[in-house]
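Read the structure below first, then the notes.
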Amino acid sequence: MTIGQSMNISRESMNNYQHALAVVSQNISNMNVDGYIKLRADFATNPTYSYGNNVYANIRGLNGACISQITSYANNAAANSAREANSGAQYYYTLNSLMDRLGEITDELGENGLQASFEKFFSAAQNLSANPTDPSARRIYIESAQSVAMKFNSIAGSLDGLQEELVGNWQQSATIENSEIYMSVQDFNQNLERLAELNKQIVIQGANNSTGLINERENILNSLSSYVDINVEYNKNGSVDVKMGDMKLVSGAEQQYKLNVTAGDATTPAIIQVENMDGTLVLSNANSEVSGGQIGAILDMVNASDDGFITISDMRSKIDELANTFAQEVNNVQTYTNGTVGAMALGTDPITGEQILVPSTEPIFNLGNPITASSISVNQNVVNDPNLIATARVDTAVDGWEKNVGNTDNIVETAQLRDKITMSTFGGADNVTFEGFLTYFAGQVGLQQSDVSGKFDTANALNESQQTNLQSITGVNLDEELADMIKYQRGYEASARVFNTANEIYQLLVTLGE
């Protein structure tokens with residue numbers, strides 16, 4: 001090896017170590033940046049020259065080393081596992097949060113809510129049966145009926161408010177643009193657009209020259225996975241494809257589809273659709289393609305379920321069923337008639353001015369087909385004239401029936417509705433009372449809330465484990481970087497000494513030659 005070769009090789013070696021130190025510096029400065037994937041400098045032997053087949057010729061042909069490329073510690077398999085775990089954690093985080101809010105509404109069914117209103121209503125009916133002509137007892141009975149109706153209205157309003165916040169009001173499609181799911185879908189589409197652009201730039205620049213773009217793309221992919229569960233496929237040209245279910249949303253540098261959310265109906269208030277980039281509808285209902293993430297959790301929380309999971313739609317349906325059954329049962333007693341036997345309200349004898357019984361025709365609750373939790377209300381005619389409450393039930397074929405104002409058979413029937421089996425908990429035959437249904441339903445929501453909370457803890461632990469694993473592979477380890485820094489510094493110093501020694505020898509030879 002000549003002195004000139006030694007100087008060239010050592011000089012290039014110093015340059016190599018300078019570049020390697022710059023990579024270490026880059027890693028250390030970005031160690032706290034989310035999504036940053038650490039880099040490494042790959043060294044390779046420079047091409048050698050052939051001067052012959054002997055040892056001297058081989059030594060003379062040596063040409064030192066170079067940095068062949070700067071590569072990242074990206075691990076596609078670990079990244080996919082981490083994204084899957086992130087999607088599951090975000091799903092249960094969102095679902096757990098929504099279940100907490102649904103649980104707050106369910107509290108209105110309990111001892112301090114609707115159940116308490118039922119208790120006051122039936123107690124008022126019992127008190128009225130002891131004093132059927134007492135105006136005060138009649139007024140309390142009406143007020144207790146109004147309390148039940150208002151509590152139903154309040155619960156329905158809370159459910160509707162939560163649903164509208166999440167997915168809008170399906171009956172007023174314009175409201176969906178102010179909903180959480182709409183905002184999430186818009187952000188998801190923007191990430192898809194940015195992902196396609198990053199893919200394009202990475203392909204143009206080459207994966208080895210696009211470390212910053214790749215880091216940004218990994219953050220985009222993580223963001224996408226927080227909305228729905230996605231499948232990511234890495235291509236040989238450095239780009240990635242993203243699928244949602246069986247739909248390939250992004251193929252390399254091209255965004256093929258985007259998502260849209262539209263209003264549905266009472267049982268399915270929100271529907272995810274897939275569109276071409278020009279807005280042409282490709283899939284009118286893609287809800288079955290959506291799983292995991294925030295969007296998946298919102299859909300599962302608002303749309304009716306057929307697997308026993310209680311959603312907002314399910315709860316609203318059950319509360320509507322309860323309101324309708326309760327109002328119909330009370331109204332049936334209030335306007336009861338069977339042949340000559342019928343429910344009787346209080347009236348006034350036009351001749352004597354005395355109180356008498358008259359056939360009851362006014363329902364306690366306004367009619368509806370069906371009556372719902374939001375529509376249930378007390379008949380204003382009864383509010384204005386509590387004498388219209390049917391406390392008596394008599395046979396009009398019996399002489400003097402109209403004089404029997406102390407009869408309480410009808411209001412007793414109303415009071416006994418408290419113990420009547422009117423509702424079903426599992427479908428099919430009725431098996432519980434009104435209050436029993438409330439207790440059962442509130443209990444089921446509580447059990448579901450506890451189950452979701454447990455699954456969130458599990459999913460969150462798995463996500464933390466997967467993120468830690470990914471970080472251990474791709475993240476910056478300060479100890480490792482400091483070790484590399486010392487190694488490269490020592491290499492630089494050694495190369496510098498070789499260069500200086502060779503330079504001194506060269507200068508000495510020049511001096512001797514003079």
Side-chain angles (χ1 to χ4, degrees), residues 95 97-124 142-172 175 179-180 265-270 298 300-305 309-331 364-379 417-418 422-425 432-449 452:
L95 198 63
S97 175
L98 296 178
M99 278 304 308
D100 286 344
R101 297 172 68 180
L102 189 64
E104 293 174 0
I105 298 174
T106 307
D107 289 343
E108 296 187 56
L109 304 178
E111 296 178 355
N112 297 320
L114 185 56
Q115 190 166 341
S117 296
F118 274 149
E119 183 177 353
K120 290 178 181 178
F121 173 80
F122 289 119
S123 295
I142 291 299
E143 290 174 352
S144 67
Q146 289 177 311
S147 176
V148 171
M150 287 188 291
K151 182 53 69 174
F152 269 120
N153 299 160
S154 174
I155 294 171
S158 297
L159 289 171
D160 290 347
L162 178 56
Q163 179 173 292
E164 185 166 339
E165 181 180 334
L166 295 175
V167 298
N169 184 338
W170 65 271
Q171 294 175 306
Q172 302 172 19
T175 60
S179 67
E180 288 188 20
D265 53 30
T267 58
T268 311
I298 292 175
D300 287 347
M301 194 70 248
V302 300
N303 292 335
S305 169
F309 185 86
I310 300 172
T311 69
I312 295 174
S313 293
D314 295 330
M315 185 170 178
R316 179 59 195 273
S317 175
K318 289 296 184 182
I319 297 303
D320 284 345
E321 178 186 349
L322 179 61
N324 183 65
T325 303
F326 173 75
Q328 294 287 8
E329 289 286 341
V330 172
N331 284 345
I364 295 295
F365 295 101
N366 288 313
L367 303 179
N369 188 27
I371 298 170
T372 66
S374 58
S375 69
I376 186 173
S377 60
V378 175
N379 183 355
L417 288 177
R418 183 174 191 175
T422 54
M423 301 294 298
S424 169
T425 55
V432 291
T433 64
F434 296 126
E435 292 170 273
F437 177 82
L438 287 176
T439 300
Y440 168 81
F441 196 71
Q444 289 300 109
V445 173
L447 288 174
Q448 180 173 295
Q449 189 174 7
V452 170

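Every heavy atom of this structure was used, including side-chain atoms; hydrogens, water molecules and symmetry mates were not.
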Can you find a side-chain donor-acceptor pair between S305 and D314 that sits under 3.5 Å? no

Salt bridge between R418 and E329, side-chain N to carboxylate O under 4.0 Å? no

Would you say the side-chain atoms of Q448 pair up with the backbone N or O of I310, donor to acceptor, closer than 3.5 Å? yes

For N379 and N366 the tightest heavy-atom approach is CA-OD1, 3.4 Å

Out of curiosity, S117 OG to E435 CD, how far, rounded to the nearest 0.5 Å? 10.5 Å

Judged by modelled atom types alone, do T311 and R316 share a side-chain donor-acceptor pair under 3.5 Å? no

Going from CD1 on I105 to CD1 on I319, what distance comes out if it is rounded to the nearest 0.5 angstrom? 10.0 Å

Can you tell me how far CD of Q444 sits from NZ of K318, rounded to the nearest 0.5 angstrom? 10.5 Å

With the side chain counted from C-beta on, respond yes when T422 and L417 share a heavy-atom pair under 4.5 Å apart, and no when they do not. no

Taking atom types as modelled, find out whether S154 and E108 have a side-chain donor-acceptor pair closer than 3.5 angstrom. yes

Value rounded to 0.5 Å, distance of CD1 in I312 from CG in N303: 9.5 Å

Would you say that F434 contacts L114 through its side chain, given a criterion of any heavy-atom pair below 4.5 Å between the two side chains? no

Under 3.5 Å, is there a donor-acceptor pair linking the side chains of S317 and D320? no

Going by side chain to side chain contact (heavy atoms under 4.5 Å, CB included), L322 matches just one of I376, I155, L109, L438. Which one? L438

F121 side, atom CZ; F326 side, atom CZ - distance, nearest 0.5 Å: 4.0 Å

D265 side chain vs W170 backbone, donor-acceptor pair below 3.5 Å: no

Heavy-atom closest pair, residues M99 and M301: SD-CE, 3.8 Å

Derivation and outcome, side-chain contact (heavy atoms from CB on, under 4.5 Å), residues K120 and E143: CA-CA 10 Å; K120 290 178 181 178; E143 290 174 352; over 6 Å; no

Checking the side chain of T106 only, and the main-chain atoms of V445 only, is there a donor and an acceptor separated by less than 3.5 Å? no

Might you work through the ring-ring contact (aromatic ring centres under 6.0 Å, His included) test for F118 and F437, ending with a clear yes or no? CA-CA 12 Å; F118 274 149; F437 177 82; 9.9 Å; no

For the residue pair S144 and S147, confirm or rule out a side-chain donor-acceptor distance under 3.5 Å. no

To the nearest 0.5 angstrom, please state how far the CE atom of M315 sits from the CG atom of L102. 5.0 Å

Check whether N169 reaches the backbone of T175 with its side chain - one donor and one acceptor, N or O, closer than 3.5 Å. no

Does F365 have its ring centroid less than 6.0 Å away from the ring centroid of F152? no

Side chains of L166 and Q163, heavy atoms from C-beta outward: is any pair under 4.5 Å? no

Nearest non-hydrogen partners of S374 and A156, listed with the distance: N-CB, 3.7 Å

Answer yes or no: is there a side-chain heavy-atom contact under 4.5 Å between N324 and T372? no

How far apart are the closest heavy atoms of A270 and V167, and which atoms are they? CB-CG1, 3.5 Å

Would you check if the side chain of N153 reaches a backbone N or O of A373 as a donor-acceptor pair within less than 3.5 Å? yes

